[in-house]
Amino acid sequence: MTTHPQQIDDEISLIDILLFLKASVRNVITSSIVCLLIGSAYYFAMPKMYEATATIQMAIVAGEAVETPAVLLEKIKLPLFFSATALQACGSDGDLSSHTKFADKLKPTLNKSAPLISLSAQARSTQEARICLDAVISEIQKSQNELAKPVIEQKKQKIAQLSNQLKLAEDMAKSFPTTKYNNSATEAQFSARTLVMSHSLVIATEISDLRSKINALENDLIPPRTQPPSLAAPIYAPEVSNNKRPMFTLGLSLALGVFLGLLITGALRLVQEIRRQMQEAKARLG
């Protein structure tokens with residue numbers, strides 16, 4: 001199999017690569033210096049930002065969350081979920097466009113295995129970030145409490161209803177005679193005693209069932225079965241800016257400078273090759 005001269009010319013050898021890199025040194029140095037200057041100017045001009053994060057545990061009633069974290073996530077994206085007070089605490093104006101983007105700035109994160117949702121807020125100081133996050137958490141807790149209130153009231157009404165039934169059953173149990181019959185009792189007396197005992201047993205069973213239901217409902221309304229929305233842990237707000245990363249800025253500037261230097265060298269060589277071919281074409285035509 002023969003190799004055409006054109007194929008040999010089109011192959012890029014290691015020497016070609018080394019020559020290209022040697023020719024790119026000046027452009028790489030120049031572009032790296034420019035990128036470093038731009039990166040440094042951006043780094044020092046950009047204000048420091050601090051972040052506060054918190055994880056909210058959803059309100060729970062009778063061992064079940066009043067709503068799933070996924071539902072809450074969709075609700076906080078609604079334009080009118082947060083009040084103007086919360087928006088102002090986070091430095092946002094009240095128009096709908098900023099309100100819609102506000103939820104994305106909170107960076108909500110869901111927990112798939114527990115009724116938890118994590119939120120974060122950024123500001124130019126740790127105190128401002130905390131104030132913003134406190135306002136956001138307050139709005140969410142208010143919404144959760146509004147959902148939990150009717151469910152709790154319904155269970156309290158059920159307890160009151162069962163308590164009334166229990167009182168009636170206990171009063172009925174007291175109304176039955178407790179007379180003891182001797183062995184010489186007549187058949188009518190024996191039948192009456194049997195009837196009274198069976199009714200007493202039914203009422204005693206009903207009283208026991210009512211007490212069990214009331215105890216179960218009352219236990220459902222106390223922690224940990226029922227609890228309001230709360231913080232799973234205290235708000236975390238370190239005194240360290242999260243947007244000032246000097247090593248990252250330095251590395252990105254150098255990488256961008258090298259890339260631009262190689263790109264400029266390649267572009268210049270391409271222009272030179274096009275000019276050379278154009279001159280050769282003119283010479284052939286001339």
Are Val136 and Phe81 connected, step by step, through hydrophobic side chains (Ile, Leu, Val, Met, Phe, Trp, Tyr) whose heavy atoms are closer than 4.5 Å? yes
Which heavy atom of Ala59 sits nearest a heavy atom of Pro229, and at what distance? CB-CD, 3.5 Å
Answer yes or no: is there a side-chain heavy-atom contact under 4.5 Å between Ile60 and Val66? no
To the nearest 0.5 Å, how far apart are SG in Cys35 and CG in Leu254? 8.5 Å
Ser143 and Asn145 side chains, donor-acceptor separation under 3.5 Å: no
Are Gln165 and Glu206 linked by a side-chain donor-acceptor pair shorter than 3.5 Å? no
Euclidean distance, Gln161 CD relative to Ile159 CD1, rounded to 0.5 Å: 11.5 Å
Can you give me the closest heavy-atom contact between Tyr50 and Ala129, atom names plus distance? O-CB, 3.9 Å
Quick one: do Val258 and Ile17 end up in the same hydrophobic cluster if we chain Ile, Leu, Val, Met, Phe, Trp and Tyr together by side-chain heavy atoms under 4.5 Å apart? yes
Would you find more than 12 non-hydrogen atoms of other residues, nucleotides or ligands less than 6.0 Å from Glu64 atom CD? no
Do Ser163 and Ile214 make a side-chain contact, defined as non-hydrogen atoms from C-beta onward lying under 4.5 Å apart? yes
Do Leu162 and Leu221 belong together in a cluster built from hydrophobic side chains that touch within less than 4.5 Å? yes
Exactly one of Leu72, Ile117, Ile56 should register a side chain to side chain contact (heavy atoms under 4.5 Å, CB included) with Pro108. Which one does? Ile117
Of the non-hydrogen atoms in Ala86 and Ala135, which two are nearest, and what is the gap between them? CA-CB, 4.0 Å
With the side chain counted from C-beta on, respond yes when Ile137 and Ile140 share a heavy-atom pair under 4.5 Å apart, and no when they do not. no
Do Glu273 and Gln277 meet the criterion of a side-chain donor-acceptor pair at a distance under 3.5 Å? yes
In this structure, are over 12 heavy atoms from other groups packed under 6.0 Å from Arg269 atom CZ? yes
Examine the side chains of Asn27 and Thr30 and answer whether a donor and an acceptor come within less than 3.5 Å of each other. no
Ser31 and Gly261: which non-hydrogen atoms are nearest, and at how many Å? OG-N, 3.2 Å
Minimum heavy-atom distance Ile76-Phe82, with the two atoms named: O-CE1, 3.7 Å
Find out if a path of hydrophobic residues (ILVMFWY) with successive side-chain heavy-atom gaps under 4.5 Å connects Leu217 to Leu210. yes
Testing the 3.5 Å rule here: is there a donor-acceptor pair between the side chains of Ser118 and Thr109? no
With side chain to side chain contact (heavy atoms under 4.5 Å, CB included) as the test, would you mind laying out the steps for Lys156 and Ile152 before giving the verdict? CA-CA 6 Å; Lys156 288 183 177 179; Ile152 295 175; 3.7 Å; yes
To the nearest 0.5 angstrom, please state how far the CG atom of Leu260 sits from the OG atom of Ser32. 8.5 Å
What do you reckon, is CD of Gln127 surrounded by more than 12 foreign heavy atoms closer than 6.0 Å? no
Decide if atom CG of Leu18 counts as having more than 12 heavy atoms of other residues, nucleotides or ligands within a radius under 6.0 Å. yes
When rounded to the nearest 0.5 Å, the distance separating OG of Ser230 from CE of Met58 is 11.0 Å
Minimum heavy-atom separation for Ala103 and Lys77, please, with both atom names. CB-CA, 3.8 Å
Under a 4.5 Å cut-off applied to non-hydrogen side-chain atoms, are Gln122 and Lys105 in contact? no
Nearest 0.5 angstrom please: Asn215 CG to Asn219 CG, how far? 6.5 Å
Could you go through Gln57 and Leu231, starting from their C-alpha distance and side-chain angles, then the distance that decides it, and tell me whether this counts as side chain to side chain contact (heavy atoms under 4.5 Å, CB included)? CA-CA 6 Å; Gln57 181 170 329; Leu231 291 178; over 6 Å; no
Answer yes or no: is there a side-chain heavy-atom contact under 4.5 Å between Pro69 and Asn111? no
I'd like to check Thr226 versus Val151 (side-chain heavy atoms, cut-off strictly below 4.5 Å). Are they in contact? no
Kindly compute the distance separating CG (Leu87) from CD (Glu139), expressed to the nearest 0.5 Å. 8.0 Å
Tell me, with the steps shown, if Arg225 and Val61 meet side chain to side chain contact (heavy atoms under 4.5 Å, CB included). CA-CA 6 Å; Arg225 298 282 294 170; Val61 177; over 6 Å; no
Check the surroundings of atom CZ in Arg276: do more than 12 heavy atoms from other residues, nucleotides or ligands lie under 6.0 Å from it? yes
Any sub-3.5 Å donor-acceptor pair from Asp16's side-chain atoms to Ser13's backbone N or O? yes
Closer than 4.0 angstrom, basic N to acidic O: yes or no for Lys213 and Asp209? no
If you count every heavy atom of other residues, nucleotides or ligands that lies below 6.0 Å from Lys75 atom NZ, does the total exceed 12? yes
Just so I know, are the side chains of Leu119 and Thr53 near enough to count as touching, which here means a heavy-atom distance under 4.5 Å? no
Mark yes when over 12 heavy atoms from residues, nucleotides or ligands other than Phe20 sit less than 6.0 Å from its CZ; otherwise mark no. yes
Cluster question for you: counting only ILVMFWY and a side-chain heavy-atom cut-off of under 4.5 Å, with indirect links fine, are Val28 and Ile38 together? no
Pair Arg130 + Glu51: basic N to acidic O under 4.0 Å: no
A side-chain contact here means heavy atoms from C-beta on lying under 4.5 Å apart; do Leu166 and Glu170 qualify? yes
For the pair Arg275 and Glu280, evaluate salt bridge (charged side-chain N to carboxylate O under 4.0 Å, His left out) and give the outcome as yes or no after the intermediate values. CA-CA 9 Å; Arg275 288 179 177 177; Glu280 291 178 355; over 6 Å; no
Going through the distances and angles, do Leu73 and Leu110 end up as a side chain to side chain contact (heavy atoms under 4.5 Å, CB included)? CA-CA 8 Å; Leu73 174 60; Leu110 306 183; 3.9 Å; yes
